[in-house]
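Everything below concerns the one structure shown next.
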Amino acid sequence: MKIHHQNSLILHIISALKTSLTGRGIRELYNIKINRGYYDSTIEFSKKDGKSINPLDFFMLGYFVGRDYDV
């Protein structure tokens, strides 16, 4: 799964991945690759054990980013 957006939102996602319980869980289950750009960046997630991605993980991460990190 890829998230391509403006750097401000990508920074909020990175912060949530480091500090929230949901983000920490995602970091344990998924490989995360960040491709930084000047105006926008991409975060790419792939499951570590090769199984399919659980959409609920990312729904909850998005919920917490929108609620707690996006100012």
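Side chains are part of it too, since the values below use all heavy atoms of this structure and drop only hydrogens, waters and symmetry mates.
- Rounded to the nearest 0.5 Å, atoms CD1 (I13) and OG (S8) are 9.5 Å apart.
- Nearest heavy atoms, H12 versus V65: CB-CG1, 3.9 Å.
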Side chains of residues 52-60: which donor-acceptor pairs under 3.5 Å do they make with residues two or more places apart or in other chains?
unit_1 : atom_1 : unit_2 : atom_2 : d
N54    : OD1    : L56    : N      : 3.1
D57    : OD2    : Y30    : OH     : 2.7

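- More than 12 heavy-atom neighbours from other residues, nucleotides or ligands sit within 6.0 angstrom of CZ on R67.
- Nearest heavy-atom pair, L61 versus G23, reported as atom, atom and distance to 0.1 Å: CD1-CA, 4.2 Å.
- When side chains are defined from C-beta on, I43 does not count as touching N35, because their heavy atoms never get closer than 4.5 Å.
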Could you give me the CA-CA distance, side-chain angles and deciding distance for R24 and K18, then say whether side chain to side chain contact (heavy atoms under 4.5 Å, CB included) is met?
CA-CA 6 Å; R24 288 178 169 177; K18 292 180 179 179; over 6 Å; no
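- By the rule that hydrophobic residues join a cluster once side-chain heavy atoms approach within less than 4.5 Å of another member, Y63 and M1 end up as members of separate clusters.
- Qualifying side-chain hydrogen bond (donor to acceptor under 3.5 Å, both in side chains) partners for T19, counting only residues two or more places apart in sequence or in other chains: Y69.
- Among N31, L29, L17, the one residue that satisfies the side chain to side chain contact (heavy atoms under 4.5 Å, CB included) test with F45 is L17.
- Within the 3.5 Å criterion, the main-chain N or O of L11 finds no donor-acceptor partner in the side chain of S15.
- For residues 38-49, the pairs satisfying side chain to side chain donor-acceptor pair (under 3.5 Å) are H4-D40, H4-T42, N7-S41, with sequence neighbours left out.
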